[in-house]
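Take a look at the structure below.
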2 protein chains.
Amino acid sequence: MEVTGHMPNQDAPRSRSASIWDVARVAGVSQQTVSRVINGKARVSEETRVKVLQVIEEMGYRPNKLARALAGGPVRSVTVLTSDTSLYGAAATLRGMEEAARTAGFSVGISVLEPGSGQRDVAERLNRPGEAVMVIAFDAAGVRALGALPPDVPVAAAVERRPDIETKNPWQVWLDDRAAAAHATRYLLSLGHPTVHYLAIPSSTSELPQRTQGWMDALRAAERPVPEPLHGGWSPRSGYLAVRDLVADPSVTAILCGNDDLALGVMRAAREAGRDIPGDLSVVGFDDSPPAAYLNPSLTTVRLDFQGLGRACFNLLHRRLDPHTAPAVPAWSEPELIVRESSGPAPRSTG
Amino acid sequence: MEVTGHMPNQDAPRSRSASIWDVARVAGVSQQTVSRVINGKARVSEETRVKVLQVIEEMGYRPNKLARALAGGPVRSVTVLTSDTSLYGAAATLRGMEEAARTAGFSVGISVLEPGSGQRDVAERLNRPGEAVMVIAFDAAGVRALGALPPDVPVAAAVERRPDIETKNPWQVWLDDRAAAAHATRYLLSLGHPTVHYLAIPSSTSELPQRTQGWMDALRAAERPVPEPLHGGWSPRSGYLAVRDLVADPSVTAILCGNDDLALGVMRAAREAGRDIPGDLSVVGFDDSPPAAYLNPSLTTVRLDFQGLGRACFNLLHRRLDPHTAPAVPAWSEPELIVRESSGPAPRSTG
DNA sequence: AGTATGAATGTGATCGATAACATCTCTCTT
DNA sequence: AAGAGAGATGTTATCGATCACATTCATACT
C-alpha cells in the first residue's frame, strides 16, 4: 500500500510518542480510519476496528487532546474561574465541578482571580476562542470576571443571587441564601430572642446581599427591630474584630453570621467577653463547614450543598455544549438548618 | 501584495475570532512577522513592530494557546495531580502551586485522583505527550500516581518523605515532618508528661510515616515508653472515634495528632469524657489550619508551610523545563511549633 | 445485465500557531 | 565596484488531530 500526500516523515528518529499516523501505519490503514475507531463515529468493519484497537493498545497510543481540540473536535475541557480557593464555599463548589467534569470525561483547568483582575486579564486565561468556562461568582471578583467574559464563550456560573425574572440567565445556578437566612433568623426568634444581629460577609454586588436580605425579611415579618448589620470579611479574625464591642453588650443575645469562619471568630470574642454560649448568647453560622460539628460548642449552622451546586453547574454547562447528549442537570439540596450546641433559648434576664 | 501558499480561505464568513492570519492581512505583513512580534524573538523593524501591535490591539487578537503548544512553542501549562482537595494540606499546597504558576504565566490544570486510579488512568489525564505535571503525593493515591507517570513527563512533586541519599530525586520537595513531630513530642515531654500518645493519619507508603517516626525518635531519645500509635483517617470524626476509649484513661495526658482535624475530634472526645484541656490532657495538632487559632481551646499545632512548598514545587518544575531562564527555587519555611491553649503542664496526680 | 445504494475506507484541506530555510535589501569592507 | 554579512521579511513544512469529499466494492433492485 502506498501512502502519499500529507504523510509526515517516517524516517526521522522517533523521539516523540506515537501519533495517529504511527498507529495507522502499523495497523495498515489510513489515519482517518484510526480516527473513526477512536471516536466511534462512522461505520468501520469489526475486523478493522479490532485490529486498530489492538495496535493502539500495543503502542500505548493516547490521542493528543490539544491537536484534537484545535482540529475542531468535541470540546473536552473546561476552565474554572474562581477567586480565593481557601474559602470553604468556593473550594467545595470547585470540588463538585471538578468531580462532575472528570466523570463526564472533561479535563478541568483552574484559574484563580486576583481581586484586581481586569477584563483583558480574564480573556488572557482562556486557552482558545470558544473555551468552555465555569465561574464561581460568590464574590465581587467572580462577578466581575463573569461580566468581563467575551460574549461568545460558553459559560455556566454559580452565583450568589437568584436572577430576576427579567434578566433571567438560564446558565446560572444558585443557593437560596435569602430563604435560608430568613429561616435561621426565624429559628432564633422562636427561641425567644428579642432580635437577631447579623454579621455579613463581603457582598458580591453593590446591592444588599441575599443573606442580609433574608435576615431582614424575617425580622420585619416578625416586627422586630432591625439592628445595623455588621460587616466582616471571610476569616475568623475579621469576625472576631467586628464583634468585639458588640458581644460585650448583654442585650445582644443572638448573632447570625455570614459564614462559619466568622462564627468561629464571634465565639472567641464572646468567650473573651465572658459570655457563655449558648447560655448568654446564641451563635449561628452559614455553610456547615467540616469543623462545625466538632467545635466547642458545636456550631448551629445552615448547611449549603456547595458540592451539589458545583456538580449542577457543570451539568448545565454540559447541556449548553451539547444539548442532545448531555445528561439532565441534577437537583442539588436545599439549604438546611443544622441545630447544634451553639444556639439555645434567650437568657431570662433579657426581654 | 500577493499572498499565496498556505493562506486559508479569506472570504469565508468570519464567525470565529481573529487568528494570526487575520492580523497579518490587516497589518500588511506575513503571519511569520506577526509571530515574531508576539514572541519578541527575531529582529523586526520598530516600525513594523508598532504597526503589528496596534493591529493586534484593535482586533483584540489573542494567540490560541492550543495551537501554540501543538506547534512546539514553549510549554506554558501544568497539570496538577492531587487527591482529596478538601484536606487542608493538599488544598494549601495546590494554592501555592497555582499562584506561582499563574505568576510565571502558566495555565494550570487540576486533576483529582480517585483512590483507585490506575496507571492507565493517570496517563489519560495528560493533554499531550510531554505535558508538565506536578503531583501532590502526601497520600497513597498521590504516590501511586507519581509512580505511574510515564518516564518522559517532566514532573515535580511534593512528597511526604525526604528522599534517601540513594534514590535521591532532585525534582521533589518535602517538609521535614519527622523533625517537626520530634520537636512537638519533646515539647510535650518538657511539660512533664510521662509519655506522649500519637494518633496517626493514613500513611502514603507501606513504611512508617515520617511523623510517626519523629514521634518515636523523641520518645526513645528521652527513654520513655512508646505507646502503640493509634490510626485515624483525615477527618475530625475519625479522630473522635479512634480515641474515644483512650481519652477515658486518666494516665493518658498528652496526645499528638497527625493533623488539626484529628485534634478537633480528639478534643471533642476528651470533652465528652469529662477531661479538661489542657488541665487533664494536652492535645497538639499538625498543620496549623486556619481555624486552629480560634478553636476552644485554641490549638497548639505545628505550622507547616504548605503554600510555600507548593510555590517551591512549581519553581522546581519551571527550572526543569527551562533551566536557564527560570528563577531560582525559593526556600520555604521550616515547620514551627505554635503553642496555644490546648497544651500545658502535666497534671499533678499523674507521674 | 445495468445501475442505484450504501458500507468501508482513503485523500486532501484545515485548525492556528512555530520552525527552518529562502529571499531581498542595505551597508560595510577591500 | 563587487562581494560579504547582517537585518528584515516572506515561504513552506510541520505539529496531531478532524472534516468534507472522493473512491472502491459488494449487494440489491428494476
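The sequence lines fix the lettering, A, B, ..., with proteins before strands; numbering per chain opens at 1.
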Salt-bridge contact [X]-[Y] (side-chain N to carboxylate O under 4.0 Å):
X        : Y        : value
B:Glu131 : B:Arg128 : yes
B:Glu98  : B:Arg95  : no
B:Arg102 : A:Glu114 : yes

- Between atom CH2 in B:Trp21 and atom C1' in C:dT18, what is the gap in whole Å? 13 Å

- Item | Gap between atoms CZ and P, on B:Arg76 and C:dT18 respectively (whole Å) | 13 Å

Listing time: all N or O pairs from protein to nucleotides 5-9 of chain D that are below 3.5 Å?
residue	atom	partner	partner atom	Å
D:dT9	OP1	B:Ser45	OG	3.3
D:dT9	OP1	B:Thr48	OG1	2.5
D:dT9	OP2	B:Ser45	N	3.0
D:dT9	OP2	B:Ser45	OG	3.4
D:dT9	OP2	B:Thr48	OG1	3.3
D:dT9	O4	B:Arg36	NH2	3.4

- Please answer whether the main-chain N or O of B:Glu99 pairs with a side-chain N or O of B:Arg311 as donor and acceptor at a distance below 3.5 Å. no

- Query: Do B:Asp322 side-chain atoms and B:His324 backbone N/O form a donor-acceptor pair below 3.5 Å?
  - Reply: no

- Which distance, rounded to the nearest 0.5 Å, do you find between the NZ of A:Lys51 and the OG of A:Ser45? 12.5 Å

- Item | Euclidean distance, B:Phe306 CZ relative to B:Trp332 CH2, rounded to 0.5 Å | 13.0 Å

- Query: Using rotation axes that map the C1' atoms of four end pairs onto the next four (five pairs an end), what angle separates the end axes of the helix from C:dA1-D:dT30 to C:dT30-D:dA1, to 10°?
  - Reply: 60°

- Message: What residues from residues 59-69 of chain B pass a heavy-atom cutoff of under 4.0 Å to DNA chain C?
- Response: B:Tyr61, B:Arg62, B:Pro63, B:Asn64, B:Ala67, B:Arg68

- For the residue pair A:Asp139 and A:Ser83, confirm or rule out a side-chain donor-acceptor distance under 3.5 Å.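 Yes, a side-chain donor-acceptor pair sits under 3.5 Å.
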
- Under 3.5 Å side-chain donor-acceptor pair for B:Asn315 and B:Arg320: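 Looking only at side-chain atoms, B:Arg320 and B:Asn315 do not form any donor-acceptor pair under 3.5 Å.
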
- Query: Between B:Gln32 and B:Leu70, which has a closest nucleotide on DNA chain C that is more 5'?
  - Reply: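 Result: B:Leu70.
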
